[in-house]
Protein chains: 2
Amino acid sequence: MKLSNGVEWALHGCVTLSQAAEPVPATRIAELHAIPPAYLAKHLQALSRAGIVRSTAGQAGGYTLTRPASAITVLEVVRAIDGTEPAYRCTEIRQNGPLAVPADRCARPCAIARAMAAAQDAWSTALTSVTIADLAADIDADSGGTALPQVRRWLAAARG
Amino acid sequence: MKLSNGVEWALHGCVTLSQAAEPVPATRIAELHAIPPAYLAKHLQALSRAGIVRSTAGQAGGYTLTRPASAITVLEVVRAIDGTEPAYRCTEIRQNGPLAVPADRCARPCAIARAMAAAQDAWSTALTSVTIADLAADIDADSGGTALPQVRRWLAAARG
DNA sequence: ACAACTCGGATATTCGGTGTCCGAGTTCCG
DNA sequence: CGGAACTCGGACACCGAATATCCGAGTTGT
């Protein structure tokens, strides 16, 4: 089980966007974190499709959050990048072989699938309780209150 | 994020093994669920390496659980098949770019990594609370108490 | 009207999961 | 005690998805 690498970039990108009132191009975010610009753009497109960010074209265009950062959960971002498919997918092998369970007895998912689904729910719940605003606040606290102002200043300076 | 398909086979296999006092060959388990025998063998080897099952060679050989099914958690099996690497791996991109955080300021993992780790812990905890014995009991209950006896009978019949 | 900048999707490449095979070792039977 | 059959174990192809990239369509500001 491995999570796409783009999730990290998307989350950092959302935190960055939460500090900018005006649109920020994908290229700008990419150079902030020194990551491949074209690939980051691909993931930002996914965020756009999910309705988390809004894109404006043309000069002075870029990406903006569609909602306040406190209304965007980490789970939403993860799902936008990585997809909504659960980690465990039951193949229903209980319906195969010499002791196959008849299909009309399989209305409910099997016990293994239920256990895995419960674990997935716990995971999702944990990620739902954290918002982009929480991440930004924690990052700022870790730096002693200097990180977010620095980002805001850098975004303004790069614009000029 | 996707979980290896072999996890399902391994868990079903462990439930089957929990019903057999004598060694069961990989071929036998494979035909029970109508899955590729050679590939299932590969995963059973992983369980062997993890110390969950014990293999005996030669005629009348096969796999056996090393512990009672109530002492084997689902998480152990998942980790044996899928590896112990957490789903989210932090690349530390905060140390890159024009606003790079100095390395000596990065003793603790970043806020994003902490949130993902917490979710992973919740997931792991959920899977630790379920044992192979629990799965077997649930499967039996779902079938109205017929599933496990059927498996035991089939294992005995196939031996002869 | 022009030009520059932006996003968006279509396109190669690499890596891990999927599936398979044959050899080494061991146990049982004659 | 020798042989044969059965078992596991690791080494070998195959495939799909994630990675990484590019260029064209559209829009804004001048």
Side-chain angles (χ1 to χ4, degrees), chain A residues 1-10 13 17 20 22-31 33-64 66 78 80-83 85 87-89 91 93 158-160, chain B residues 1-10 13 17 20 22-31 33-64 66 78 80-83 85 87-89 91 93 158-160:
Chain A
M1 182 177 60
K2 191 172 144 293
L3 207 49
S4 171
N5 195 2
V7 170
E8 180 179 12
W9 303 351
L17 285 179
E22 304 181 20
V24 182
T27 312
R28 202 65 42 91
I29 304 179
E31 71 171 321
H33 301 305
I35 57 184
Y39 195 24
L40 174 66
K42 187 185 179 66
H43 292 306
L44 288 175
Q45 287 171 27
L47 292 183
S48 177
R49 257 175 259 144
I52 297 174
V53 301
R54 191 70 179 169
S55 69
T56 53
Q59 254 177 341
Y63 288 99
T64 319
T66 59
V78 171
I81 301 295
D82 201 65
E85 287 288 315
Y88 180 85
R89 184 180 60 90
T91 317
I93 61 176
R159 173 166 297 276
Chain B
M1 183 178 60
K2 192 172 144 293
L3 208 49
S4 170
N5 196 2
V7 170
E8 180 179 11
W9 304 351
L17 286 178
E22 304 182 21
V24 182
T27 312
R28 202 63 44 90
I29 304 180
E31 73 172 318
H33 301 305
I35 57 183
Y39 195 24
L40 174 67
K42 187 185 179 70
H43 291 306
L44 288 175
Q45 289 170 26
L47 292 183
S48 177
R49 257 175 260 144
I52 297 175
V53 302
R54 191 72 179 167
S55 69
T56 53
Q59 254 177 341
Y63 288 98
T64 320
T66 58
V78 171
I81 301 296
D82 201 65
E85 287 288 317
Y88 180 86
R89 185 178 59 91
T91 318
I93 61 176
R159 172 167 298 275

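Heavy atoms only: backbone and side chains are in, while hydrogens, waters and symmetry mates are out. Quick note on labels: first sequence line is chain A, next is B, and so on, each numbered from 1. Quick caveat: nothing in here was measured; it's all calculated off a predicted structure.
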J.: What closest approach, in Å, do B/Ala41 and B/Tyr63 show between heavy atoms, and which atom pair accounts for it?
T.: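 The pair with the smallest heavy-atom distance is O-OH, 4.3 Å.
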
J.: How close or far is atom C1' of C/dG8 from atom OH of A/Tyr63, stated in whole angstroms?
T.: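 Going from OH in A/Tyr63 over to C1' in C/dG8 covers 8 Å.
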
J.: Between B/Pro25 and B/Gly61, what is the shortest heavy-atom contact and its length?
T.: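 Closest approach of B/Pro25 to B/Gly61: CG-O, 3.7 Å.
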
J.: Are any of A/Gln59's side-chain N or O atoms less than 4.0 Å away from OP1 or OP2 of D/dT27?
T.: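 No, A/Gln59 has no side-chain N/O under 4.0 Å of OP1/OP2 on D/dT27.
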
J.: Ignoring hydrogens, what is the shortest heavy-atom contact between A/Ile81 and A/Ser4? Give both atom names and the distance.
T.: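 A/Ile81 and A/Ser4 have their closest heavy atoms at CG2-OG, 4.4 Å.
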
J.: Enter the distance from A/Ile35:CD1 to A/His43:NE2 here, rounded to the nearest 0.5 Å.
T.: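 Result: 8.5 Å between the selected atoms.
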
J.: Please give me the minimum heavy-atom distance between A/Glu8 and B/Arg89, naming the atom from each residue.
T.: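 For A/Glu8 and B/Arg89, the tightest heavy-atom pair comes out as OE1-O, 3.8 Å.
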
J.: Figure out the CD1/P separation between B/Ile81 and C/dG17, and round it to whole Å.
T.: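 That distance rounds to 12 Å.
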
J.: Roughly how many Å is it from CD in B/Gln45 to C1' in C/dC21, rounded to a whole number?
T.: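 Those two atoms, CD and C1', are 12 Å apart.
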
J.: Using a 4.0 Å heavy-atom cut-off to protein, can you give one letter per nucleotide of nucleotides 11-22 of chain D, 5' to 3': B if the base is in contact, S if only the sugar-phosphate is, - if neither?
T.: --------BBBB

J.: Determine yes or no for a side-chain-to-main-chain donor-acceptor pair under 3.5 angstrom, with A/Thr91 supplying the side chain and A/Ile93 the backbone.
T.: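 Not a single qualifying donor-acceptor pair exists.
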
J.: Quick one: B/Leu44 CG to C/dG19 P, roughly how many Å, whole number?
T.: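 My rounded result for the distance is 15 Å.
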
J.: Starting at OH of A/Tyr88 and ending at P of C/dG17, how long is that distance when rounded to a whole Å?
T.: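 So the two atoms are 17 Å apart, to the nearest Å.
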
J.: What donor-acceptor contacts under 3.5 angstrom involve side-chain atoms of residues 44-52 of chain A, with partners at least two apart or in another chain?
T.:
none

J.: Which residues in residues 46-57 of chain B have at least one heavy atom lying under 4.0 Å from any atom of DNA chain D?
T.: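 Nucleic-acid contacts, sorted: B/Ser48, B/Arg49, B/Ser55.
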
